[in-house]
2 protein chains.
Amino acid sequence: MGIIRKTQSVAVLLKEFENKPNAISAIELIKRLSSKINKTTVYRVLDKLEDDGVLHSFLDNSGIKWYAKCNGCSKTGHIDMHPHFQCLSCGKVDCLSVEVKIPPIPNRKIEVSQVLIQGRCESCNV
Amino acid sequence: MGIIRKTQSVAVLLKEFENKPNAISAIELIKRLSSKINKTTVYRVLDKLEDDGVLHSFLDNSGIKWYAKCNGCSKTGHIDMHPHFQCLSCGKVDCLSVEVKIPPIPNRKIEVSQVLIQGRCESCNV
DNA sequence: ATATTAATGCAACTGAGTTGCAAATATAGC
DNA sequence: GCTATATTTGCAACTCAGTTGCATTAATAT
C-alpha cells in the first residue's frame, strides 16, 4: 500500500531527495529530521514511497538501508537494474548509470539482482 | 587476526562447511550448533576463518550474514568476484560460478563489488 | 609440567528496524 | 465550512542479529 494522503511528513521527506542525486540512508534521514518527524514515521513513509515507485532502496555492506530517487521505476515494479556505488573513504553512496549484465543462469529464474560496488569516489580518488 | 589455535570450535565449524557447496547463514549455524558452541564464539570463529581466507561472507537482502567456503581466496584478499544466488522460494543460498563483469566507472576506483541475485533455484523452478 | 596467551561462555549491551495502540490530521461527503 | 471516517503519526516498548567486557578454560611453547 502506497501513499494515500499528502501529509507534512511526505512533503518533508520528498524535499530531502529533491535535486539530490545521491542515495541517503534511513539512519541519516532520521537524524536530519529528528526534530520534525518521528523515526517510525520516517521508516513508514520511506516504505510507502518505495511502494509507489518514487524511491528505491538497497542495503549496503553493513546492512543499513539506503534510499534513492527512482528513474524509470514504476508502481508495478522496479525495472532499473543499476548498480550502487559506496565510497569507502567519504561514505557517499550513489546510483551508477552504467548497466551491469547478469548472465543467464542455467535452470534458475532470476527475479531481482543487486550490485553494490565499493571503492573511492570521484572526489576521494585523487 | 586469523586462527591461531586449532580448537574444538574451529573443527566443529569447519565440519559444517565440509562437502557442502551452499552458503550457510550465521543464524543457521548458531541454531545448529547451539548445544556445542556459544553464539559469540560462532561469530568470532567465522570472523577469523574469513580473515584466513577459508570462508567468505556476504549479506542478503534482509541484512543477514551468510558464509561460504572460499575458492581461490587468499589471506591477502578475497579475489573471487562470483555472484551469490538466493532462492526466494526455499531460501537456499549458493555461490554461482559465472562471472559478472563490472564495467569500469569513470574517475572511481573499484575495490570490492558484490552481486546478489534472487529468484527461483533449480529445485524450485519447476 | 607449568607458564603464557589465545579462545570460550556468559550476560549484558547495541542499534537498526518493527509493532500496538491511542491521539492527531487529511480527505470525502454534505 | 463542518463533520464523519479512515489514514497517519508519535510514543514506548519490543525484536533480533550481532557485539563487548570480563572472568574462566584450554591450547601451545618452553
Side-chain angles (χ1 to χ4, degrees), chain A residues 1-17 23-52 54-68 75 84 86 91 93 114 116, chain B residues 1-17 23-68 75 84 86 91-93 114 116:
Chain A
M1 189 194 60
I3 296 281
I4 294 179
R5 295 183 180 181
K6 282 168 197 160
T7 62
Q8 278 297 308
S9 309
V10 172
V12 169
L13 265 165
L14 281 178
K15 202 163 195 174
E16 290 297 316
F17 288 95
I24 316 176
S25 70
I27 300 292
E28 171 64 21
L29 286 166
I30 289 163
K31 261 191 225 138
R32 272 192 215 168
L33 306 173
S34 61
S35 61
K36 296 179 192 162
I37 318 180
N38 177 275
K39 78 165 174 172
T40 308
T41 304
V42 173
Y43 281 118
R44 287 196 277 226
V45 171
L46 288 173
D47 226 44
K48 290 182 176 177
L49 288 171
E50 187 172 14
D51 270 8
D52 284 349
V54 178
L55 301 177
H56 63 277
S57 76
F58 52 96
L59 295 183
D60 72 9
N61 241 355
S62 61
I64 74 162
K65 209 166 186 179
W66 293 77
Y67 285 86
K75 262 171 208 117
H84 295 106
Q86 182 166 40
V93 175
Q114 294 188 22
L116 178 67
Chain B
M1 186 194 59
I3 296 282
I4 294 178
R5 296 180 180 183
K6 281 170 195 158
T7 63
Q8 278 297 307
S9 310
V10 172
V12 169
L13 264 165
L14 281 178
K15 202 163 194 176
E16 290 296 317
F17 287 95
I24 316 176
S25 69
I27 299 291
E28 171 66 19
L29 287 167
I30 288 162
K31 261 190 224 142
R32 273 192 214 169
L33 306 174
S34 61
S35 60
K36 297 179 190 161
I37 318 178
N38 178 275
K39 77 165 179 171
T40 308
T41 305
V42 173
Y43 281 117
R44 287 196 275 227
V45 172
L46 288 173
D47 226 44
K48 290 183 176 178
L49 287 171
E50 187 171 13
D51 270 9
D52 283 350
V54 177
L55 301 177
H56 64 277
S57 75
F58 53 95
L59 295 183
D60 72 8
N61 240 354
S62 60
I64 75 163
K65 208 166 187 179
W66 293 77
Y67 285 87
K75 262 172 208 116
H84 295 106
Q86 182 166 42
K92 192 177 73 178
V93 175
Q114 295 187 19
L116 177 66

#### Entry: Passing candidate, side chain to side chain contact (heavy atoms under 4.5 Å, CB included) with B/Phe17, options B/Val54, B/Leu49, B/Ile24
B/Ile24

### Task
Could you work out which one of C/dG9, C/dA6, C/dT18 sits closest to the side chain of B/Arg44?
C/dG9

### Task
Compare the minimum distances between each of C/dG17, C/dA7, D/dG18 and the side chain of B/Ile4, then state the nucleotide with the smallest one.
C/dA7

### Out of D/dA6, C/dA7, D/dA17, whichever nucleotide has its closest atom nearest the side chain of A/Arg5
D/dA6

#### Entry: Length of the CG-C1' vector between B/Leu13 and C/dG9, whole Å
15 Å

### Query
Touch check for B/Lys6, heavy atoms < 4.0 angstrom, all strands: base, sugar-phosphate only, or nothing?
sugar-phosphate

### Query
Between A/Glu16 and A/Glu28, is a side chain to side chain contact (heavy atoms under 4.5 Å, CB included) present by the stated rule, with each step listed?
CA-CA 11 Å; A/Glu16 290 297 316; A/Glu28 171 64 21; over 6 Å; no

### Task
In whole angstrom, give the distance that lies between atom CD of A/Gln8 and atom P of C/dT27.
11 Å

### Message
Reading DNA chain D from 5' onward, which residue's closest nucleotide shows up sooner: B/Leu59 or A/Val45?
### Response
A/Val45

### Query
Which part of the nucleic acid, if any, lies within contact of B/Lys65, taking any heavy atom under 4.0 Å across all strands shown: a base, the sugar-phosphate backbone alone, or nothing?
sugar-phosphate

### Message
Check this for me: B/Gln8, atom CD, are more than 12 non-hydrogen atoms of other residues, nucleotides or ligands nearer than 6.0 Å?
### Response
no

### Value in whole Å for how far the C1' atom of C/dA7 lies from CG of B/Leu49
13 Å

### Query
Would you say the side chain of A/Lys39 and the base of D/dG10 hold a donor-acceptor pair, judged only by whether the two atoms sit under 3.5 Å apart?
no

### Task
Pick base, sugar-phosphate or nothing for A/Ile37, based on heavy-atom distances below 4.0 Å to the nucleic acid.
sugar-phosphate

### Task
Identify, between B/Thr40 and B/Ile3, the residue whose nearest nucleotide on DNA chain C lies closer to the 5' end.
B/Ile3

### Task
May I have the distance from A/Ile27 (atom CD1) to C/dT14 (atom P), rounded to whole angstrom?
16 Å

### Query
Which whole-number value in Å describes the distance from B/Asp51 CG to C/dA7 P?
11 Å

### Query
So among A/Val93, A/Leu59, A/Asp60, which one has a side chain to side chain contact (heavy atoms under 4.5 Å, CB included) with A/Leu116?
A/Asp60

### Message
Starting the side chain at C-beta, find the nucleotide from D/dT8, D/dG10, C/dG17 nearest to A/Asn38.
### Response
D/dG10

### Any A/Thr7 side-chain N or O less than 4.0 Å from OP1/OP2 of D/dT9
yes

### Query
Starting at the 5' end of DNA chain D and moving along, which residue's nearest nucleotide shows up first, A/Lys36 or B/Ile64?
A/Lys36

### Query
Per the side chain to side chain contact (heavy atoms under 4.5 Å, CB included) rule, which among B/Thr41, B/Leu33, B/Thr7 passes with B/Val12?
B/Leu33

### Query
Distance check: side-chain N/O of A/Thr41 vs OP1/OP2 of D/dG10, anything under 4.0 Å?
yes

### Query
If only atom types and distance count, is the side chain of B/Asn38 paired as donor or acceptor with the main-chain N or O of B/Thr40 below 3.5 Å?
yes

### Query
Taking CG from A/Asp47 and C1' from D/dT7, how many angstroms apart are they, rounded to a whole number?
15 Å

### Task
Would you please confirm or rule out a distance under 4.0 Å between OP1 or OP2 of C/dG17 and any side-chain N or O of A/Tyr43?
yes

### Query
A/Leu46 CG to C/dT18 P: how many Å, rounded?
10 Å

### Query
Between A/Ile30 (CD1) and D/dG10 (C1'), how many Å, whole number?
14 Å

